[in-house]
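Everything numeric in this text was worked out from a predicted model, so none of it was measured.
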Amino acid sequence: IAVRGSEILTNPLFNKGMAMKGGERDRLRVRGLLPPRTNNLEIQKERFMKSLRQVDSMILKNIMLEDLHDRNETLYHRIIIDHIEEVAPLIYTPTVGQACKEFGSRYRRPRGMYFTEEDRGHMAAMVYNWPLPDVHVIVVTDGSRILGLGDLGAQGMGIPIGKLSLYCAAGGIAPHRVMPVVLDVGTDNEELLNDPFYIGVPKKRLKGKEYYHLVDEFMQAVRHRWPDVLVQFEDFSSDKAQNLLDKYRNDHLCFNDDIQGTGATTLAGVLGALRAKGADVNSLGEQRIVVAGAGSAGIGVAQVLMQAMMEQGRTEEEAKNAFYIVDQDGLLGKDRINQMSREQAIFARDEDGGLPLLEVVKKFKPTILLGMTTVGGLFNENIVKEMASNVDRPIIFPLSNPTTNAECTAEQAFEWTDGKCIFAAGSPFDPVTMEDGRTFYPTQCNNMYVFPGIGLGATVCGAKTVTDRMLYVAAEALANFVTEQELAEGKVFPHINKIREVSHRVAVAVIREAAREGQAPKVSEKDMANLEEFVAKKMYEPIYTPLIGKRTVRI
């Protein structure tokens with residue numbers, strides 16, 4: 001490494017703290033700068049977890065973890081991997097929403113890059129300010145739709161940071177190969193505009209051509225420096241998300257996690273739910289699916305599910321007719337088609353436009369109910385009981401985040417269906433014990449099961465685009481990872497502790513599909529013959545490695 005002395009101790013990529021041994025302390029000129037006793041990684045981890053567990057507040061725990069992130073990335077990612085069930089909710093949903101709201105007031109040190117209107121014409125040069133030369137994955141947001149919290153502007157930086165922590169820990173992307181980004185195009189949040197401590201541009205949001213020109217310059221700039229980088233769009237508002245995806249998906253290695261990641265994860269959950277109820281997974285096209293929420297997430301999920309039905313042999317018309325999309329004005333019907341996006345219009349029905357959600361459930365008797373509205377409690381007792389009266393094993397997925405925005409809780413779903421439903425949610429819920437002693441184990445339909453593996457697979461093989469077929473095989477790999485015992489317990493996703501194995505399995509499936517499409521130039525025939533081992537060797541493992549100072553010899 002090129003740094004020595006106290007610089008190492010302030011560089012989170014190299015800092016080991018008290019894990020540095022005597023010879024290393026001498027080589028790197030830190031002898032005397034650390035307490036004399038050495039602690040290995042395991043002891044450091046135990047000490048930090050002990051301190052973390054003494055704190056009750058989730059947001060304070062988040063702050064402790066991010067402080068560690070800024071000091072010692074190896075220890076930070078080791079803790080996430082070894083304690084992911086405990087730590088993931090602290091660094092991502094549901095706590096990350098509050099962390100974003102407080103991001104400005106607790107801003108401590110730089111992490112990631114910000115691009116603004118003032119940077120127009122300079123972005124191609126700006127990207128070289130990033131100190132690390134080999135970026136594989138960028139997560140970018142414009143802060144316009146942070147979870148269910150709306151426009152948080154530049155304070156949405158907490159989202160890319162949290163996502164990339166999961167890319168590193170769950171997906172095995174090394175931390176020096178990721179970059180969080182905010183496109184700070186302003187904010188329409190009056191509270192932030194009037195906040196003297198707001199960290200972003202205190203102006204109204206860019207709109208129209210100026211907005212898209214800024215995004216385009218950013219995309220060209222990062223691709224110029226890192227031609228093979230994967231760009232993941234995150235938490236863009238519905239009016240922008242699909243447009244950006246359509247513009248870049250065929251020419252850049254990119255995907256939108258809210259549209260495609262949520263869709264692939266939900267598809268995996270639905271396939272698992274069909275297995276749990278004893279149905280053929282190829283019967284997806286026979287289901288009646290009500291999607292509450294017609295924004296980018298809801299429509300994105302419907303598109304992925306429709307594509308999966310067509311993969312299973314359904315015609316486009318047959319697949320389309322399986323869906324009933326409901327927004328705040330009722331069932332999407334062709335009477336409103338002039339007010340819809342192109343993607344929404346695909347699902348507009350000929351009749352019953354405007355029918356309220358409860359009436360939709362009564363009339364069409366759905367087998368699957370998906371919620372992506374961010375309206376907490378939308379799936380009330382009447383709706384859930386009506387669904388359960390018509391279906392033996394209703395599949396109910398309230399997917400909105402954070403927990404307060406979930407359309408119903410696990411306890412409500414199991415109570416109102418007398419334990420008959422198959423349940424997964426966007427946020428974590430505790431096991432539910434019924435009055436008769438039965439216990440059900442709700443699982444979290446979290447994109448972290450899919451996006452790290454997709455990113456790992458796409459970057460390892462050198463893919464040029466993320467195709468719909470790659471998303472389908474990713475969902476299939478995740479669905480097939482769930483064991484029969486887990487299904488019998490009502491779980492439609494594997495235990496979160498298996499996330500590294502899941503990401504590995506997803507990455508292998510993505511690479512095989514990329515090779516079939518001729519999009520795997522970095523994987524040789526020899527590598528393909530032992531693909532599981534090849535991918536495993538590519539995954540970052542947070543362990544301490546010996547450090548040697550890079551010396552310049554002058555003659």
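Counting heavy-atom neighbours within 6.0 Å of Glu102 CD, excluding the residue itself, gives a total above 12. Under a cut-off of 6.0 angstrom, the local environment of CD in Glu316 is sparse, with at most 12 non-hydrogen atoms contributed by other residues, nucleotides or ligands. Environment of CD in Glu191: sparse, with no more than 12 heavy atoms of neighbouring residues, nucleotides or ligands closer than 6.0 Å.
The one candidate from Asp468, Thr465, Thr467 that meets the side chain to side chain donor-acceptor pair (under 3.5 Å) condition with Arg249 is Asp468.
Using a distance-only test at 3.5 Å, with no hydrogens or angles considered, no donor-acceptor pair links the side chain of Thr95 to the main chain of Ile91. Checking side-chain atoms of Thr262 against main-chain N and O of Ile259 turns up no donor-acceptor pair under 3.5 Å. No donor-acceptor pair under 3.5 Å is formed between the side chain of Asp119 and the backbone N or O of His122. Side-chain atoms of Gln519 come within 3.5 Å of backbone N or O of Lys464 as a donor-acceptor pair. Gln344 contributes a side-chain N or O that, together with a main-chain N or O of Ser341, makes up a donor-acceptor pair within less than 3.5 Å. Checked by atom type and distance alone, the side chain of Gln444 pairs as donor or acceptor with a backbone atom of Gly426 at under 3.5 Å. Remark: the backbone N or O of Thr374 is paired with a side-chain donor or acceptor of Ser400 at under 3.5 angstrom. In terms of modelled atom types and a separation under 3.5 Å, the side chain of Asn405 and the main chain of Asn401 share a donor-acceptor contact. Counting only distance, with no hydrogens or angles, the side chain of Thr266 and the backbone of Val301 share no donor-acceptor pair below 3.5 Å. Of the possible donor and acceptor atoms, none in the side chain of Asp151 sits under 3.5 Å from a partner among the backbone N and O of Thr187.
Aromatic ring orientation, His252 versus Tyr248: perpendicular (interplanar angle above 60°, classes split at 30° and 60°). Note: Phe493 and Phe397 have tilted aromatic rings, judged against thresholds of 30 and 60 degrees for the angle between ring planes.
For residues 171-184, the salt bridge (Lys or Arg N to Asp or Glu O under 4.0 Å) pairs, not counting sequence neighbours, are Asp134-Arg177.
For the pair Ile161/Leu164, no side-chain contact is recorded, criterion being any heavy-atom separation below 4.5 Å from C-beta on. Side chains of Met470 and Glu517 form a contact here, defined as non-hydrogen atoms less than 4.5 Å apart.
Take Asp352 and apply the side-chain contact (heavy atoms from CB on, under 4.5 Å) test, not counting sequence neighbours, and it matches Leu331, Leu355, Lys363, Phe364. Applying the side-chain contact (heavy atoms from CB on, under 4.5 Å) criterion to Asp327, with sequence neighbours excluded, gives Ala294, Asp329, Leu332, Arg336. With sequence neighbours left out, Cys461 forms a side-chain contact (heavy atoms from CB on, under 4.5 Å) with Ala463, Ile511, Ala514, Ala520, Val523. Legend: residues meeting salt bridge (charged side-chain N to carboxylate O under 4.0 Å, His left out) with Glu476, ordered by chain and number and at least two apart, are absent. Among residues two or more places apart in sequence or in another chain, the side-chain contact (heavy atoms from CB on, under 4.5 Å) test is passed with Glu317 by Thr315, Lys320, Asn321.
Judged by distance alone, the side chains of Glu66 and His69 do bring a donor and an acceptor atom under 3.5 Å apart.
Using a 4.0 Å cut-off between charged side-chain N and carboxylate O, Arg223 and Asp228 make no salt bridge. With respect to Asp67 and Arg109, no salt bridge is recorded, no charged nitrogen being found less than 4.0 Å from a carboxylate O. Using a 4.0 Å cut-off between charged side-chain N and carboxylate O, Glu117 and Lys203 make no salt bridge. Lys240 and Asp142 are not joined by a salt bridge, as no carboxylate oxygen comes within less than 4.0 angstrom of a charged side-chain nitrogen. The pair Asp239-Arg145 fails the salt-bridge criterion, with no side-chain N (NZ, NE, NH1 or NH2) lying under 4.0 Å from an Asp/Glu carboxylate O.
Taking the centre of each ring, Phe233 and Phe255 stay at or above the 6.0 Å mark. Between Phe451 and Tyr167, a ring centre-to-centre spacing shorter than 6.0 Å is recorded.
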inquiry  = Determine whether Asp257 and Asn447 satisfy the following criterion, side chain to side chain donor-acceptor pair (under 3.5 Å), listing intermediate values before the conclusion.
reply    = CA-CA 8 Å; Asp257 189 46; Asn447 295 11; 3.1 Å; yes
Start with the C-alpha distance between Asn189 and Tyr198, add both sets of side-chain angles, then the distance that settles side chain to side chain donor-acceptor pair (under 3.5 Å), and finish with yes or no.
CA-CA 11 Å; Asn189 185 325; Tyr198 175 55; over 6 Å; no
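Of all heavy-atom pairs spanning Gly285 and Arg314, the tightest one is CA-NE, 3.8 Å.
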